[in-house]
There are 2 protein chains.
Amino acid sequence: MECMNTAPASSAAAGEPRWLTDEEQRVWRAYVDATTLLEDHLDRQLQRDAGMPHVYYGLLVKLAEAPRRRLRMTELAKDAKITRSRLSHAVARLEKNGWVRREDCPSDKRGQFAVLTDEGVDVLRRHAPGHVDAVRQAVFDRLTPEQQKSLGEIMGIVAEGLQPSEAGADLPWLR
Amino acid sequence: MECMNTAPASSAAAGEPRWLTDEEQRVWRAYVDATTLLEDHLDRQLQRDAGMPHVYYGLLVKLAEAPRRRLRMTELAKDAKITRSRLSHAVARLEKNGWVRREDCPSDKRGQFAVLTDEGVDVLRRHAPGHVDAVRQAVFDRLTPEQQKSLGEIMGIVAEGLQPSEAGADLPWLR
DNA sequence: CAGTGAAAGTTGAGAGTTCAAGTATGGTGC
DNA sequence: GCACCATACTTGAACTCTCAACTTTCACTG
C-alpha cells in the first residue's frame, strides 16, 4: 500500500524515506482493509435500522452518558474526535430528527449545549441491542481475550499519539 | 459507547442482548477513537500534500502494483473494499486529474479498465515518502514488534470476517 | 473601558459517499 | 437465436464531510 520501491524523492523529514517492510505492509493493509470494511458494515447496519450513520449514533451515546444528557458542543466534538464544524452539521441533522435539542449556555453566551431528547433516548434504547450484536459479531466474538486486550492497548497508543492530549484547545491536529 | 445498561428491548437475534463489559467497552472506544483520528489524519496529510483523500491514494497504489498498471473496475473495487459505485465516482475524479485513464476491455464489452497514467505514477512517486512517514509516525514507530504482529493478526481476522472471501461476486456485505 | 486576540459556534460551497435505479452486455437453456 | 437473468458499470439525487470564512462573545491589557 505504501510502497513504490524506487522513489528517490525527498522524504517529508529527511533524505531516504524509511519504506515499510513486507511484513509492515501486510499489517498496514490488514488494518486499512479491516477498518474500511468495519466502518462500512456498521454504517450500513445503523443506517438501515436506526436511520443514522455510526458517528451520529456515537454522538447520541456520548450525550446519554453525560450528566444531564447534555454536553457543550466543543466538548462533544472533542469526545467524538470530530471537528466542531462536522458536529454542527451533525447536530443540525439530529435536531431535525428530534433526537437532540440545542440549548443556550447561561454562563457563556457563545456556548451551546447539545441535549439528548426523550426521543433520542428512545431511539438509542431501541437500536443499541442490534448495534452491540453487530460489534460483537464483527470483532469480539472473533478474538481471544488476549487479542482483545492487545487491541485495546494498541489502539490506545495510536489514539494518544494523534491527539496531543490536553495540549491545544480545539482538535490539535497538525500545525 | 455501546452501553445503555437497562435496555430490555429485543436483541437483533434473541432475547437479552449481550452488552459489552466495561473492559470490552474500553477496547471498543479505543478502536473507534484511533480509527477516527488516524483516518482523519491521513486524509488531511494526503489532501494537503497530494490533493486527494487516502482512499484515492490507495487506488493509485493498487493500480501501480497491478500487471500493466491496470485493473478491471470490479476487481479494483474488490481490492480496495469499496463499492463499484464509489469507485466509479472516484475514478471519474482521478481521471479529471489525469492520474487515471479508462480503457475498454476487448474481451468483455461491458468491462472497463482503470489504467494508471504516467502522471499517476509520478504523483505517487512524489508523495509516497510523505505518506509512509505519516503512517510510521502514527502507527509503527509507536508499537513494539509484538504489537505490530498482533495488530496484523487481529485486523486480518476482522477483515476476513466481514468479507465472505470469494463467496459472492460483488461486495458481499449483509443479506 | 476601548482595543485586541482567542474561543465558541455556524455557515455555505465544494468534494465525496450512498442508495436506488438505469443501460448494456454476457451467459444459459430451450 | 430468443427469452431471461446475472454481471459490469454508470448515473443522479440526497446526504455527509471538509475547508475557509464569518459572527458573536469572552478575556486580557494598557
Side-chain angles (χ1 to χ4, degrees), chain A residues 36-37 39-48 50-59 71-78 80-97 100 102-114 168-175, chain B residues 36-37 39-48 50-59 71-78 80-97 100 102-114 168-175:
Chain A
T36 304
L37 287 166
E39 184 58 14
D40 227 78
H41 183 64
L42 296 181
D43 267 344
R44 247 167 248 284
Q45 188 264 317
L46 279 169
Q47 189 70 59
R48 169 168 54 77
M52 67 185 135
H54 185 210
V55 200
Y56 289 23
Y57 180 87
L59 295 175
L71 240 28
R72 286 286 294 270
M73 293 295 280
T74 295
E75 198 171 350
L76 180 49
K78 215 177 296 185
K81 270 76 189 170
I82 64 177
T83 61
R84 281 178 325 210
S85 172
R86 186 175 176 184
L87 179 61
S88 243
H89 289 298
V91 166
R93 198 273 222 185
L94 291 172
E95 208 170 11
K96 257 181 215 159
N97 283 270
V100 166
R102 286 183 216 247
E103 250 178 55
D104 292 342
C105 175
S107 62
D108 185 341
K109 287 180 191 167
R110 297 168 301 177
Q112 288 276 104
F113 281 106
D170 194 13
L171 284 181
W173 293 314
L174 43 88
R175 73 196 52 192
Chain B
T36 304
L37 288 166
E39 185 58 13
D40 227 77
H41 183 65
L42 296 181
D43 267 344
R44 248 168 248 283
Q45 187 264 318
L46 279 168
Q47 189 70 58
R48 168 167 55 76
M52 66 184 135
H54 186 211
V55 199
Y56 287 25
Y57 181 87
L59 294 175
L71 239 29
R72 286 286 294 269
M73 294 295 278
T74 296
E75 197 170 350
L76 180 49
K78 214 175 299 186
K81 271 77 188 170
I82 63 177
T83 61
R84 280 179 326 207
S85 171
R86 186 174 176 184
L87 179 61
S88 244
H89 289 296
V91 166
R93 198 274 221 185
L94 292 170
E95 208 170 12
K96 257 180 214 161
N97 283 269
V100 165
R102 286 181 215 248
E103 249 179 56
D104 292 342
C105 175
S107 61
D108 186 340
K109 287 178 192 169
R110 297 168 301 178
Q112 289 276 101
F113 280 104
D170 195 11
L171 285 180
W173 292 315
L174 44 87
R175 74 193 53 186

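- The residue among B/Phe113 and A/Val55 whose nearest nucleotide of DNA chain D is located toward the 5' end is B/Phe113.
- Among all heavy-atom pairs drawn from A/Thr83 and A/Arg86, the shortest one is OG1-N, 3.1 Å.
- Across every non-hydrogen atom of A/Cys105 and A/Gln112, the tightest pair is CB-N, 4.4 Å.
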Please list, for nucleotides 11-14 of chain C, all pairs of protein and nucleotide N/O atoms separated by less than 3.5 Å.
residue: C/dT11; atom: O4; partner: A/Ser85; partner atom: OG; Å: 2.9
residue: C/dG12; atom: O6; partner: A/His89; partner atom: NE2; Å: 2.8

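- Atom CE in B/Met52 sits about 15 Å away from atom P in D/dC19, given to the nearest Å.
- With contacts defined as side-chain heavy-atom distances shorter than 4.5 Å, the pair A/Leu59/A/Val100 does not qualify.
- Checked against side-chain contact (heavy atoms from CB on, under 4.5 Å), B/Arg110 has the following partners two or more places apart in sequence or in another chain: B/Asp108.
- For the salt bridge (Lys or Arg N to Asp or Glu O under 4.0 Å) test, residues two or more places apart in sequence or in another chain that qualify with B/Glu95 are B/Arg102.
- Distance NZ (B/Lys81) to P (C/dT18): 16 Å, rounded to an integer number of Å.
- Counting to the nearest Å, the C1' atom of D/dC9 and the CG atom of B/Leu76 are 13 Å from each other.
- Checking the phosphate oxygens (OP1, OP2) of D/dC19, no side-chain nitrogen or oxygen of A/Thr83 falls inside 4.0 Å.
- Nucleic acid contact for A/Asp108: sugar-phosphate only, since backbone atoms but no base atoms lie under 4.0 Å from a heavy atom of the residue.
- Atom C1' of nucleotide D/dA20 and atom CZ of B/Arg44 are separated by 12 Å, given to the nearest angstrom.
- Regarding B/Leu59, its CG atom lies at a distance of 12 Å from the C1' atom of C/dG16, rounded to whole Å.
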Can you build the contact string for nucleotides 1-6 of chain D? Use B for base contact, S for sugar-phosphate-only contact, and - for no protein heavy atom under 4.0 Å. ------
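- Among all heavy-atom pairs drawn from B/Arg84 and B/Thr74, the shortest one is CD-OG1, 3.3 Å.
- Remark on DNA chain C: of its neighbouring residues A/Gln47 and A/Glu75, the 5'-side contact belongs to A/Glu75, judged by nearest-heavy-atom nucleotide.
- In this structure, CG of A/Leu42 is placed 13 Å from P of C/dT18, rounded to the nearest angstrom.
- Here the OH-CG distance, from B/Tyr56 to B/Asp43, works out to 10.5 Å after rounding to the nearest 0.5 Å.
- Nucleic acid contact class of A/Tyr56 (heavy atoms, under 4.0 Å, all strands): sugar-phosphate only.
- When rounded to the nearest whole Å, the span between CG of B/Leu87 and C1' of C/dC19 equals 16 Å.
- Counting all heavy atoms, side chain and backbone alike, A/Gly111 lies closest to A/Arg72 at CA-NH2, 3.4 Å.
- For B/Arg93, a side-chain nitrogen or oxygen approaches OP1 or OP2 of C/dG16 to under 4.0 Å.
- Between B/Asp43 and A/Pro53, the one whose closest nucleotide on DNA chain D sits nearer the 5' end is A/Pro53.
- A/Asp104 meets the salt bridge (Lys or Arg N to Asp or Glu O under 4.0 Å) test with no other residue; sequence neighbours excluded.
- To the nearest 0.5 angstrom, B/His54 atom NE2 is 8.0 Å from A/Thr36 atom OG1.
- Following rounding to the nearest Å, A/Leu94 (CG) and D/dC15 (C1') show an atom-to-atom distance of 13 Å.
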